[in-house]
Amino acid sequence: MSEVGTYTVEDGGIGVMTIDNPPVNALGIAARLALQEGFRRFEGDAAVKAIVVICAGRTFFAGADITEFGKTPQEPNLLAVLDIIEGSSKPVVAAIHGTALGGGFELALTCNYRVAVPSAKVGLPEVNLGLLPGAGGTQRLPRIVGVPAALDIITGGKPIGAQKALEYGMIDALAEEGKLREDAVAFARKVVAEGKPAARVRDRNEKLEEARADMGQFDAYIAKNARAWRGFKAQVAIVRSIQAAVETAPDFDAGFKRERELFHELVTSTESAALRYYFFAEREVAKIPDIGKDVATLPVAKVGVIGAGTMGGGITMNFLNVGLPVTLVEMNQEALDRGLGVIRKNYENTAKKGRMTQEQVEQRMALIDPKIGLEALADVDLVIEAVFEEMSVKKDIFGKLDTICKPGAILASNTSFLDLNEIASATSRPEAVVGMHYFSPANVMRLLEVVRGAKTSREVVKTAMELGKTTGKVAVLAGVCHGFIANRVMVQRSLQAEQLVLEGPSPQDVDQALYDYGFAMGPFAMADLVGLDVTTRGVTERTLRTDLVKLDRLGQKKNGGFYDYDENRKATPSPVAAQVIADLAKFKGVAPKGALSTEEIVGRLLYPVVNEGAKVLEAGIALRACDIDVACILGYNWPLYTGGPMFWADTVGLQKVVDGLKAAGIEPAKLLAEKAAKGESFTR
Ligand code: 3H9
């Protein structure tokens, strides 16, 4: 008897093996042993004429067990199990519900037939883990769907709904929802009755032979996607592996050998390790040690948002998108109308791209209850304040909310820097006050920092975290400090950049180094895009930005900033900016230190981010290093394939980071120095 498998023989000689390996039936050792055992039994049982493989619980196999990568493999490995399935002398039917992903779908592809309920999804998402489907996926899928579709499906990594999968031929039949087992068994009986030889996907070669007419398509596909795939390795490896399938057909084993070589290169790469780390990190951040299942969430059926500006509007859309009504409050009709107009325009743009219908636009707009004045918020369950970043304004609003909002309502602030405890002190219910810090554009960026004040109740924290999930965000818990997690650590990059250009490297040297590292844009190009006047509001001391603003150089929108721009907004190095930099360096007495290599620039800008991350950890502002990584990746588009600043620091080596900081005259954080001295790491 297997730990996770049960085996029964149904009428008509249909052997059904049910694998139950919660939570997602990952193909770890227990599941593999159960499959091996099932096939051994049914092969040896003359009464069994066909075999159905089905899973219990919420899903079919969700893939190889990711936690096993990098560990000594336990036999039988997945490939050996798939060989057993494909070599079965009896027809095998995969019965799919939930998600058949990665190695799970590859397993289904070694079965002779695939039957799925309409709600099921199938796919090969390995690319998201920096991998290619390494159990035959790049060899078998193009044999079914053809090369162009296989390229899109495997490099895209998105699961495909059962109906579409049926059209592609990825599954053979749809079962009735809720009747998968009966229908799969009936399907198997029919196969037995028809007595047709059970075909194998590996023997189908027509689509590959067709593809030989255009062997240039592989290079062309890579060239077309070069920009989007910058820094990632798996996508190109996937294309090459599919190319190998075409080149070697009908010799399946030769193509498969190439797939294995490429898989091995990827699975041992830092990039894949980073992406796998990130996969678990995104799930880890939801876990808060002192807030377990015993803590209740509060019901939120109606939301209030104060401020219909860019942030308030974006925040509002998150709730409308999941059908939650929002009372949107402004102080005057003009601001309210303008905010509503922007929300409508956003939805209409989405509709124009065909990603929603006009009817859906109207449905979402109808969920907004636009109101003037805070009094309209008396009956909401949650109110999020998104007004001007000024303590006195916020305290005034929270004091009023305290008298207006019903007991039990959650009072949230979208402040990005201010002291949440001070905001909460303006109310008589600090336990109800929480930070819900969104990143702009709030309807797009996936990060939500939930800020826990000294007195915020566990129920309120849990509700805010879960609301993040319901609205498609990844919620990361932060403690109270200036800038919380993402802003606090990332501001170091900008501070260093502005110091560094005074010492010699030009803005374009700095921007190029960060672009090459993987950021979409360097800090100077970004400052020009946002507008230097915006980023210097309230700054009184003399900085590069304030000096540029004094010359009316506001960035892309006016006269250039750190760069000059032509009529197509193409940037060129600016002699005026170079002079401004030289003048400020002289004024501050900064001596030129000469050129730096790209690696030195990256270290100089990003080691201080790591250092601040260590301080954030030390102070308990972030629960774990992975919380900082998730916050930077989702809030600042830190390149995913580096794993975020803390994972990257471990890759570089903490001693090297410490040495780099010291060389730049920056004191390493205590935690960082200690870990480096002990040879420890943050994430591994
Ligand atoms: C592969 O197959 C390689 C092969 O090509 C080649 C081999 C030679 N392994 O996401 P959830 C855990 S690569 C281990 O919250 P949902 C997850 O960490 C794999 N653990 O649930 C979480 O743990 P915890 C290709 C896994 O309902 C728990 O299960 N497959 C795995 O929101 C629940 O997960 C994929 O990339 C795994 N494969 O979503 C699919 N998957 O509760 C990866 C999940 O302790 N998985 N866990 O935090 C998913 O996309 C989603 O989990 C899924 C369910 C859609 C299945």
Side-chain angles (χ1 to χ4, degrees), residues 300-353 355-390 392-394 396-398 400-401 404-405 409-418 423 435-449 464 467-468 470-473 529-531 533-534 537 557:
V300 175
K302 198 168 180 198
V303 178
V305 174
I306 308 172
T310 312
M311 278 318 278
I315 293 170
T316 299
M317 289 173 75
N318 291 321
F319 294 102
L320 306 179
N321 293 346
V322 295
L324 275 174
V326 176
T327 304
L328 182 58
V329 168
E330 258 298 351
M331 296 309 145
N332 63 65
Q333 194 63 43
E334 200 193 335
L336 194 54
D337 290 344
R338 196 169 44 235
L340 287 171
V342 172
I343 296 176
R344 173 173 284 283
K345 195 157 164 250
N346 274 332
Y347 281 135
E348 283 181 345
N349 283 341
T350 311
K352 263 190 218 141
K353 290 180 197 144
R355 286 195 264 123
M356 79 196 276
T357 61
Q358 192 56 37
E359 198 189 343
Q360 284 170 321
V361 175
E362 298 311 330
Q363 276 165 0
R364 290 186 198 188
M365 291 306 293
L367 285 171
I368 308 179
D369 181 14
K371 284 274 167 15
I372 307 291
L374 300 175
E375 289 69 24
L377 298 168
D379 67 340
V380 299
D381 305 302
L382 159 74
V383 48
I384 304 179
E385 160 278 309
V387 304
F388 196 59
E389 210 44 4
E390 168 70 51
S392 58
V393 178
K394 305 242 179 204
D396 181 50
I397 288 182
F398 274 75
K400 288 184 178 141
L401 288 177
I404 293 168
C405 293
I410 299 174
L411 311 182
S413 172
N414 176 54
T415 179
S416 20
F417 290 98
L418 300 176
I423 297 176
M436 290 180 74
H437 178 214
Y438 290 84
F439 287 71
S440 189
N443 53 318
V444 177
M445 297 298 277
R446 286 180 66 223
L447 178 62
L448 168 66
E449 283 182 342
L467 267 174
T470 331
T471 51
K473 305 287 169 195
L529 181 70
V530 175
D533 52 335
V534 177
R537 241 176 239 147
K557 64 182 166 192

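Heavy-atom basis, side chains included; hydrogens, waters and symmetry copies ignored.
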* Apply side chain to side chain contact (heavy atoms under 4.5 Å, CB included) to the pair M436 and L382, showing each step before the final yes or no. => CA-CA 11 Å; M436 290 180 74; L382 159 74; 4.0 Å; yes
Has [X] got a side-chain atom pairing as donor or acceptor with [Y]'s backbone, closer than 3.5 angstrom?
X    : Y    : answer
D396 : S392 : no
E385 : F398 : no
E449 : H437 : no
K473 : L467 : no
Q360 : T357 : yes

What is the minimum heavy-atom distance between [X] and [Y], and which atoms define it?
X    : Y    : answer
K394 : S413 : CD-OG, 4.0 Å
I372 : Q333 : CD1-N, 3.4 Å
A351 : Q358 : CB-OE1, 4.3 Å
E389 : T415 : OE2-OG1, 2.8 Å
A464 : L448 : O-CD2, 4.1 Å
V361 : M356 : N-CE, 3.9 Å

When rounded to the nearest 0.5 angstrom, what distance separates [atom1] in [X] from [atom2] in [Y]?
X    : Y    : atom1 : atom2 : value
T470 : N321 : OG1   : CG    : 12.5 Å
L320 : Q363 : CG    : CD    : 11.5 Å
T471 : N443 : OG1   : CG    : 11.5 Å
E362 : M365 : CD    : CE    : 8.0 Å
T316 : I343 : OG1   : CD1   : 5.0 Å
L411 : I397 : CG    : CD1   : 11.5 Å

* **I368/F319 under side chain to side chain contact (heavy atoms under 4.5 Å, CB included): CA gap, chis, key distance, verdict** => CA-CA 10 Å; I368 308 179; F319 294 102; over 6 Å; no
* Structure fact -> Given the options N414, T327, L374, I306 meets side chain to side chain contact (heavy atoms under 4.5 Å, CB included) only with L374
* Go through K557 and V534 one step at a time and tell me if the side chain to side chain contact (heavy atoms under 4.5 Å, CB included) criterion holds. => CA-CA 11 Å; K557 64 182 166 192; V534 177; 4.1 Å; yes
